[in-house]
Amino acid sequence: MVAVGNLDKVWLAVPEDVAAEELQDAFRSYFGAEWAEVLAVAEKSFTYNAANNAYFAVRNLRPVKNLTLEQLLEKKGIGRPPNIIVS
């Protein structure tokens with residue numbers, strides 16, 4: 001199954017080597033949302049999440065039944081696979 005939506009924000013200036021509270025404060029400032037409320041792996045350790053160097057937000061995410069990634073790429077005329085796939 002494929003899910004589609006609208007890319008809302010991309011955060012590439014993620015601070016490095018900061019405490020959990022500082023990273024979560026910076027996350028809240030950038031996205032306007034609490035880390036634990038929107039991050040899919042918030043329950044994992046801080047060390048697990050601190051290794052991320054980019055985050056992005058998607059709005060209007062919805063599943064599209066009976067559609068594979070290959071079919072979507074073909075339909076959109078995209079011959080190459082995407083650089084990032086989030087699951």
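One is the number of the first residue; the rest follow in order along the sequence. All heavy atoms count here, side chains included; hydrogens, waters and symmetry mates do not.
For the salt bridge (Lys or Arg N to Asp or Glu O under 4.0 Å) condition, no pair includes a residue of residues 46-58, sequence neighbours left out. Here salt bridge (Lys or Arg N to Asp or Glu O under 4.0 Å) pairs that include residues 46-58, with residues two or more places apart or in two chains, number zero.
Interatomic distance, CD1 of Ile78 versus CG of Leu69, reported as 9.0 Å (0.5 Å rounding).
Glu74 pairs by the side chain to side chain donor-acceptor pair (under 3.5 Å) definition with nothing, not counting sequence neighbours. Looking at residues two or more places apart in sequence or on another chain, you find no side chain to side chain contact (heavy atoms under 4.5 Å, CB included) involving Lys65. Qualifying salt bridge (charged side-chain N to carboxylate O under 4.0 Å, His left out) partners for Arg62, counting only residues two or more places apart in sequence or in other chains: none.
Under the 4.5 Å side-chain criterion, counting only non-hydrogen atoms from C-beta, Tyr55 is in contact with Phe31.
Here the closest heavy-atom approach between residue Gln71 and residue Asn66 is recorded as OE1-O, 3.7 Å.
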For residues 14-27, which side-chain donor-acceptor pairs fall under 3.5 Å, sequence neighbours excluded?
from, atom 1, to, atom 2, distance (Å)
Glu22, OE1, Ala19, N, 3.0
Asp25, OD1, Arg28, NH1, 2.9
Asp25, OD1, Arg28, NH2, 3.2

